[in-house]
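Within every chain, numbering begins at 1; the chains are lettered A, B, ... in the order of the sequence lines, protein sequences first and strands thereafter.
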Number of protein chains: 2
Amino acid sequence: MAKKPTLRDVSRLSGLSVYTVSKALNNADGVSARSRELVLKATRELGYVPNRAAQELRRNTRSSVAVITASTSNYYYIDLMKGIERTLRLSDRTAVVADIAAEGVYTPDLEDATIRNLIQSRTAGVISTLTLRQENVELLADWDIPVVFVDSHPPENTGLPSITMDNAAASLRVGAHLAEHGYPDWLFLVYPALWSTRLARERGIREAARLHGAELTVLESRNDAASAHATLSAHLDRPGTTAPRAIIAGNNPMVHATLTVLGERGLRVPDDVAIIGFDDFAWAPLLDPPLTMLDEDSEHIGVLAAQTLARLIDEQLDAERQGRSPTPVYRPEDSREVSADLVIRRSCGC
Amino acid sequence: MAKKPTLRDVSRLSGLSVYTVSKALNNADGVSARSRELVLKATRELGYVPNRAAQELRRNTRSSVAVITASTSNYYYIDLMKGIERTLRLSDRTAVVADIAAEGVYTPDLEDATIRNLIQSRTAGVISTLTLRQENVELLADWDIPVVFVDSHPPENTGLPSITMDNAAASLRVGAHLAEHGYPDWLFLVYPALWSTRLARERGIREAARLHGAELTVLESRNDAASAHATLSAHLDRPGTTAPRAIIAGNNPMVHATLTVLGERGLRVPDDVAIIGFDDFAWAPLLDPPLTMLDEDSEHIGVLAAQTLARLIDEQLDAERQGRSPTPVYRPEDSREVSADLVIRRSCGC
DNA sequence: CCGTACCTCCTAAACGATTAGGCTAAACGG
DNA sequence: CCGTTTAGCCTAATCGTTTAGGAGGTACGG
């Protein structure tokens with residue numbers, strides 16, 4: 001097609017003004033059945049499809065929501081996205097994912113560039129899986145773009161909503177279970193605090209260790225399996241270090257690294273070293289041995305986050321229509337902590 | 001912020017016309033250093049960010065590319081997306097994923113709606129992971145939107161580019177390996193032909209069975225682990241059916257189902273039943289037993305697809321600037337088949 | 001037959017950017 | 001000193017929609 005048909009073309013062909021055509025296509029009233037018919041006929045004939053950029057410019061509304069992630073190779077993102085997309089579909093919105101980790105590594109520059117980019121496209125709203133820089137949160141606030149955090153927390157004092165699993169309670173439960181087995185020394189292999197759930201998880205594990213008199217080592221690695229592998233190997237190689245009786249793996253990549261390292265060293269799970277991991281996933285029961293894992297329902301978290309965001313956006317549109325300020329109003333109950341189950345399999349020693 | 005700053009505001013504050021401001025912000029020449037400085041100062045002061053909808057409307061260009069998938073729970077999509085995003089970033093484009101499976105099940109209606117949606121937003125280009133309906137491919141062609149298929153084929157006679165692994169050759173290799181072990185009867189558990197790699201894979205496996213005199217059963221299931229589980233269980237329960245000596249699992253969900261079903265029935269892998277699966281992934285070596293799998297480098301496939309698409313879009317823009325037709329011109333060499341490795345572990349009996 | 005109300009439709013002004021075409025003043029050559 | 005070039009800037013049209021503010025016409029009651 002050389003020239004794409006526009007509203008004006010439909011108007012010409014149907015013999016009606018662009019006003020009428022627009023009204024007819026948007027099912028607004030004030031258009032006779034006969035005219036509506038004519039418009040639809042002309043539309044079909046020309047294969048006309050409205051230009052969203054023009055609509056959004058004129059209506060001052062956007063249809064897409066951004067999901068900010070860092071290095072999506074953690075499988076739980078899939079479920080999260082599923083929940084988000086399913087929910088957004090209901091209100092005819094689209095999710096676009098923006099990964100702010102370049103080659104697997106997070107950089108503030110990329111975060112800044114991404115935020116600028118989102119503002120340029122006047123995103124309807126943002127769901128972020130990690131704590132954003134204070135500065136960027138303010139920027140989004142300046143532009144009245146609603147933000148919801150999932151599996152992460154807003155920067156301090158911003159009061160933005162966040163939806164996480166109850167990490168502290170869950171971690172306590174993990175610790176309690178290890179204590180039941182009587183393991184005296186634990187190693188917590190964990191990702192950086194950039195992913196802010198790390199804090200609550202660590203707090204819970206520390207508390208549990210104190211409570212049950214276990215000795216605890218916390219080992220931090222970059223948030224990918226290869227780095228975790230290197231970190232754990234180096235730790236175990238350190239002179240005077242012996243393998244811990246139990247390892248708690250902070251997330252999916254940490255679990256992968258732990259299993260690999262133990263396998264390489266001929267350490268048997270759970271006889272030599274027990275493992276409990278965070279974030280259950282489909283393959284956990286099929287691993288050798290089947291893994292005991294904390295099961296966060298991330299699809300549900302995705303749904304909650306998308307619902308909250310959708311409501312915020314809708315309220316914003318209402319406010320704007322009524323001439324009130326478009327600044328999003330967050331309520332305390334927008335923040336939620338959902339509980340998680342400990343799925344007991346065999347890697348813990350059960 | 002009550003009212004968002006526009007170009008006009010920057011113009012007012014800087015005392016220069018919108019023309020000059022626009023030129024300055026786009027680093028075009030014809031602007032003195034002094035003016036440029038004034039413009040940048042005003043821009044910073046106001047926190048001005050250009051409105052992409054307006055730019056795209058005026059310039060008639062789009063910055064986002066759509067990736068069409070169906071039920072992304074197949075893990076290999078993650079790598080594919082990684083490759084695509086990494087490549088698109090180079091030309092400042094964004095990927096948006098559009099899933100045309102509603103609750104895990106594909107519906108033509110959703111496909112149609114999605115395509116309409118993409119045309120409405122005048123997507124710069126499309127990467128599709130499954131064969132689209134003829135009709136929709138024509139629609140995209142009408143609107144001069146370039147399309148590239150990955151891990152799938154275009155509808156017949158459309159000549160659109162596709163990038164896949166060399167499924168037939170790979171399947172032959174799988175069969176040859178099973179034959180080396182001397183397994184007499186094989187079961188191929190496979191997803192529907194909507195994902196068109198199914199055809200080449202089946203062709204290859206059938207050919208291999210014929211070549212090596214093995215008996216072959218092909219069992220089709222919907223493309224998710226739960227359905228595959230039900231299908232395989234029902235098959236094995238059928239009176240007179242005995243478990244095959246080897247199972248070839250057509251993709252990731254099929255592998256999951258196979259391992260689960262065999263586990264439930266107390267059949268040992270590989271002693272009772274051997275398994276080879278398609279689409280290697282990070283957890284395969286840690287499963288019980290470590291899985292022998294075909295390794296398709298899907299990140300690389302993603303890179304190739306995105307490169308091809310980017311080139312098509314760039315050529316289209318050039319053509320348009322020079323007043324030529326914006327119809328994308330596909331070259332035969334845009335279609336590629338990349339080879340895959342068979343990663344031998346233990347589930348095949350080795 | 002007139003006034004009023006109600007439909008239906010139209011004209012024209014936005015939305016926020018880009019850009020063709022033209023103007024001005026400074027610089028330069030002769 | 002004058003004509004020509006050029007850098008720097010401006011005015012105004014344009015992209016494809018939506019929508020405020022009327023304008024005509026029909027129907028109806030009085």
Length of the line joining R58(B):CZ and dT19(C):P, which is rounded to integer Å: 6 Å

Residue-phosphate contact under 4.0 Å: Y48(B) side-chain N/O, dA17(C) OP1/OP2: yes

T6(B) side-chain N/O to dG16(C) phosphate OP1/OP2 under 4.0 Å: no

Identify every side-chain donor-acceptor pair in residues 156-163 of chain A under 3.5 Å, counting partners at least two apart or on other chains, and give the distances.
from: T158(A); atom 1: OG1; to: P155(A); atom 2: O; distance (Å): 2.7

Bounds of contact between DNA chain D and chain B, in 5' to 3' order, using a heavy-atom cut-off under 4.0 Å: dG8(D) to dG16(D)

Whole-Å distance separating the CG atom of D29(A) from the P atom of dC9(C): 12 Å

Nucleotide dC15(C), atom P - distance to CD of E320(A) in whole Å: 13 Å

Each nucleotide N or O in nucleotides 23-25 of chain C that has a protein N or O under 3.5 Å away: list the pair and distance.
none

L57(A) CG - dA14(C) C1' separation (whole Å): 9 Å

Spacing between R36(A) atom CZ and dC9(C) atom C1', to the nearest angstrom: 13 Å

Any residue meeting side-chain hydrogen bond (donor to acceptor under 3.5 Å, both in side chains) with T20(B), in chain and number order, not counting sequence neighbours: S17(B)

Given dA17(C), dC9(C), dA13(C), the nucleotide with the shortest approach to the side chain of L16(A): dC9(C)

Under the side chain to side chain contact (heavy atoms under 4.5 Å, CB included) test, residues paired with V329(B) that sit two or more places apart: E315(B)

Of Y19(B) and V49(B), the one whose closest DNA chain C nucleotide lies more 5': V49(B)

Rounded distance (Å) that lies between atom C1' of dC15(C) and atom CZ of R52(B): 17 Å

5' priority, DNA chain D, between T20(B) and N26(A) [closest heavy atom]: T20(B)

Terminal axes of the helix from dC1(C)-dG30(D) to dG30(C)-dC1(D) (five pairs each): angle between them, nearest 10 degrees: 50°

Side chains of E111(A) and N136(A), donor plus acceptor under 3.5 Å: yes

Distance test, side-chain N/O of Q55(B) to OP1/OP2 of dT18(C), below 4.0 Å: yes

For atom CD of E56(B) and atom P of dT19(C), their distance in whole Å: 14 Å

